[in-house]
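One-based numbering, in listed order, for ligands and for the atoms of each. In this chain, residues are counted from 1 in sequence order.
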Amino acid sequence: MQPDTQLPNSCSPVRIGETMPNFTARSTQGVVSLDDFRGRWLVLFSHPADFTPVCTSEFVAIARAAGAFAELGCDLMALSVDSLFSHLAWIRAIHDRFDVEVSFPVIEDPTLEIARAYGMVAPDAADASSVRATYFLDPEGILRASSCYPASVGRSVAEMLRTVTALQRAQQGDVLVPADWTPGEAVLEVPSHSVSDILAADSATDWFYRTRPDGDAE
Ligand code: BEZ
């Protein structure tokens, strides 16, 4: 089945702050549209190929963490250029070998239409494999963060979870989220843009770098 998309016919990647264009495609959970996920956070991730070692390790790790993503109100969706039947056979193999159920949808993208539109393959790529692209979408379908790994290195599921929690905290608007932050740790105050505040600050760095306990988190 050709994906039914409103995707731009271009290879330019979607940028942070943009609404991810909708698509409708076949998946291991039936026909899905990106817009079906509106109202919840979504991690959409591509992988180079089914039945490969690094991808298998990622699917096992992500499937085992599915409950932790659900607790954050975050759905999961995977995509590769392999066929739906390949996805189904691979999920069965993962189940048999690792006793893990991959219950999130895995989309087929044999024409690369979705992968190209989202920048999951380079415009001049020598083969059809998508890279390990990860897209973090907010409940409005807006891209809030993304990452890109090569075929040879698997992603960190802990960092995917941390990214979702950090994005959710930052989206409350009143603070900034520092490096390596995890929930409960101190956050950063949004710096003032006023000269009078800057001159009134206790030290020469206080105006642009001030931490505070995160007790005020909503
Ligand atoms: C892997 O997942 O192990 C893999 C996928 C594509 C190329 C090389 C390795």
Before we go on, tell me: are the rings of H47 and W90 under 6.0 Å apart, centre to centre?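 Close enough - the centres of the two rings lie under 6.0 Å apart.
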Taking the six-membered ring for Trp, are F104 and F59 closer than 6.0 Å centroid to centroid?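 Yes: the rings meet the under 6.0 Å criterion.
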Go through the steps for H87 and D50 under the test side chain to side chain donor-acceptor pair (under 3.5 Å), then give the verdict. CA-CA 7 Å; H87 291 337; D50 297 350; 2.7 Å; yes
Under 4.0 Å from any heavy atom of C55, which atoms of ligand 1 are there?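 Every atom of ligand 1 under 4.0 Å from some heavy atom of C55: 1 (C), 2 (O).
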What residue and atom, counting heavy atoms only, is the protein's closest point to atom 7 (C) of ligand 1, and at what distance?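 Ranked first by proximity to atom 7 (C) of ligand 1 is A151 CB, 3.6 Å.
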Among all protein heavy atoms, pick the one closest to atom 4 (C) of ligand 1 and tell me residue, atom and distance.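 The protein heavy atom lying closest is T52 CB, 3.7 Å.
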Ligand 1 to [X] polar contact by distance, N or O atoms, under 3.5 Å:
X   : value
P48 : no
V54 : yes
A49 : no

Can you check whether V31's main-chain N or O pairs, donor with acceptor, with R26's side chain at less than 3.5 Å?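 No.
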Determine, for R169 against D214, whether the closest basic-nitrogen to carboxylate-oxygen distance falls under 4.0 angstrom.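 Salt bridge between R169 and D214, a charged N being under 4.0 Å from a carboxylate O: yes.
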Mind checking the CH2-OG1 spacing from W181 to T163? Nearest 0.5 Å is all I need.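 OG1 of T163 is found 11.0 Å from CH2 of W181.
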Applying a heavy-atom cut-off of 4.0 Å, say which part of E58 lies close to ligand 1: side chain, backbone, both or neither.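 Answer for E58: neither.
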